[in-house]
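Report on the following structure.
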Amino acid sequence: MPEVRTRFAPSPTGHLHVGGARTALFNYLFARHHGGSFVLRIEDTDRERSSDESVQAIMSGLDWLGVVADEGPYYQSKRAELYDKAVAELLGGGHAYWCVCSQEKLAATREAAQASGKKAMYDRSCRGAGHEPALDGPAVLRLASPESGETTIDDLVRGPVTFDNSELDDLVLLRSDGSPTFHLVVVVDDLDMGITHVLRGEDHLTNTPRQAQIFRSLGQEPPRYGHLPLIVGADRSRLSKRHGATSLDAYREMGILPGAMANYLARLGWSHGDQEIFSRAELSGLFDVEGVGKAAAAFDLEKLRWVNQQHIKATPPAELAAAVLPFLGAGEADDSSRLELVVELLAERAVTLVGLAEGAHCFLSDDLSWDRKAVARFLDEEGLARLAALAQQLELLADWDESNVEAAFAAALVDLDVKLGKLAQPARVALTGSKASPGIYEVCVVLGRERTLARLQRVAGELASGDLPLAAPAG
RNA sequence: GGCCCCUUCGUCUAGUGGUCCAGGACGUCGGCCUCUCACGCCGAAAACACGGGUUCGAGUCCCGUAGGGGUCACCA
C-alpha cells in the first residue's frame, strides 16, 4: 500500500474562500488520518490573474485554520520543463495535435451550436491536419481524445460515474502563447508529486474524465478522486458574496476561533454519528471519506457561532486570552494575569472573540461609556442612594473576596430593606456600564477594590454633574 | 438546452431492508433556574420530494417523474 498523498491546489486569484478552505481541510485531514502527506501547490498558470498577494492571503488563511502542508508550496509557474516533457511525450505518442482555429471562429461555432440547441463542442477540424506552429503560425495544442467509448470515474464519495466520450471534446493543453493550461499541469503535477487521492469540489466532476484521459495518454493511471458536495447559500446556489462573507478572513475578523472554524467546516459535508464538537486531534483521527455526504450543504452562520461558543468554553483561559488579544484596545492587555481572570469570567457567555473583547472592556479600561437607557432606568435617585449604602458596606471590607463582597451586599440589603435585584442592577450598570454582565459579586472581585469603589464614586459624581459619558449600547 | 450530480425536520445531519409511528445538533417556541445577560436543565412544534416496482417487510434496493445544483473557455 503506497503512502497516501493529497494536495490542495488553489489558483492565487483572490482571498481564501470558505469552500477552498474546506477542500484544503479535507485533504489535510485525509492525509493525517491515513498517515500520509499533504502537499500545497499554487496553480498560477493563469499569469494574468495570479498575484503574490493572493498567494500570501491563501497561505495565511491556511496557517490560521491550522492546515499545514507537509510539502510545498510548489509553484506551477516554475515547473515549465516538466510540462514541456509531457507535451513532447503526448505529441510523440500521437495523443495531441496542433490546432490553428482562431478564437473568433471557435466562439462563432459555439454560439451557432448553442443557438440551434446543439452541444457546443470543438469540431476537431484540425485533428489529423498535421499543422505545425512553426509553419502555420499561432496554434494551440489539443488532446486527441477518444471519439467513442466511455470513461468511468470510480468516485470516492459518489461511486462510479460514467461519461460518454462523444460528449468530451479535445481540450486545449497549450495556449497559443505556449503556456500550459490547468488541465495539463494538474495532470503532470499530480503525477510528478505522486498524488494518490484528490478531494475537490463537485464543480470539478466534469473535468475529471478529461483529465483521466490525459493520464492514460501519458501511459499512467489517474489518482482516486472524491468530489465533495458544494457549499451553498441559503437559497441553495453556490456560495457567493450575496449570501454573506465568503472569505475565511471575515470569520477570523468576526472573532471565530480557528479550531471552531475547522470544526464547523468539517461538519459541512462530513459527519461522524451524532457528534458535533471535535478537537483538532479528533478530526485528524476520525475523518475519512466514508463520512462524507453527497448533497450540497448550506452555510449557516448561526450554527458556526454556536460551535464557536462551545470551543470558547473549552479553551483554557491562557490560550483564550492570547486569542482575544488582537481584539483588545490599546493598553487593555498590559496585565496578562488580570486579562486571564477577565477572560475566564466571560468565557461562559461569549459567542465570539469580538463579543468577549467587548465584555472585557469595562474590566480593563476606565475609558468606557454607560448605556443611556440602563442609566435612566437603574441609576435614578433611588438607585444612587442604594449604591451609596452599598459603598459604605464595601468600604468596611478587610479582604476583597467573593464571600466578603457578597456579605457586604447582604448587609446593604438589610439596611435598605430591599431584594437583591434592586441593588444588583444599579450596581451592575454603575460598574460595567451595561445591564448585562457576569454575576455582580464576581464583577466586583475581578474589578478589584480600588476600581469598584472609584467607579461607584465616579458614577455618582459625574451623573450629578452631567459628565458621565452616555451612549447607546454597541451592537 | 446537452451531459453529470444531488434530494430525511427551516438548516447541518444519523440512518447501510425489520430494533424508525425516523435519532442528534443549530435555530424557533414554551417552562425551570436566576442579581442582569448568558450557561445549564426540562419540554414542544418540525422531515424520509412524488409515483411505480422488488421484497413477508423499504428512509434504506431498482426504474421513472419532479425539483435543485454543477458544468459545457486559449479560468482554475
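Quick note on labels: first sequence line is chain A, next is B, and so on, each numbered from 1.
Taking the C1' atom of each, B/U34 and B/C41 are spaced 13 Å apart, rounded to whole Å. Annotation: B/U60 and B/U7 have their C1' atoms spaced 14 Å apart (nearest Å). Comparing the same atom, P, in B/C26 and in B/C72 gives a spacing of 39 Å after rounding to whole Å.
The two residues A/Asp154 and A/Gly159 make their nearest non-hydrogen contact at OD1-C, 3.6 Å.
Separating the CG atom of A/Leu268 from the C1' atom of B/C12 is a distance of 7 Å, rounded to the nearest angstrom. Atom CG of A/Asp235 and atom C1' of B/U11 are 13 Å apart (whole Å). Between A/Leu239 atom CG and B/C12 atom P the separation is 12 Å, expressed in whole Å. Rounded to a whole Å, the CG atom of A/Leu228 is 17 Å from the C1' atom of B/U71. Put simply, CG on A/Leu286 is 17 Å from P on B/U13, counting in whole angstrom units.
Nucleotide B/C61 has B/G53 as its partner under the Watson-Crick or G-U criteria, with both atom distances under 3.5 Å. Within the shown strands, B/C26 is the pairing partner of B/G10 under the Watson-Crick or G-U definition, both distances less than 3.5 Å. If you check B/C33 for Watson-Crick or wobble pairing at under 3.5 angstrom, you find it has no partner at all. With a cut-off of 3.5 Å on both Watson-Crick or G-U wobble distances, the partner of B/C39 is given as none. In this structure, B/G1 forms a base pair with B/C72, meeting either the Watson-Crick or the G-U wobble geometry with both donor-acceptor distances under 3.5 Å.
With hydrogens and angles left out, the side chain of A/Arg428 and the base of B/C35 share a donor-acceptor pair within 3.5 Å. One can find a donor-acceptor pair under 3.5 Å joining the base of B/G24 and the side-chain atoms of A/Glu276.
With centroids closer than 5.5 Å and planes inclined by less than 30 degrees as the test, A/His183 and the base of B/A76 fail to qualify as a stacked pair.
Here A/Leu171 lies out of heavy-atom contact (under 4.0 Å) with every strand.
Side-chain proximity of A/Ala436 to the nucleotides B/C35, B/C37, B/C26 is greatest for B/C37.
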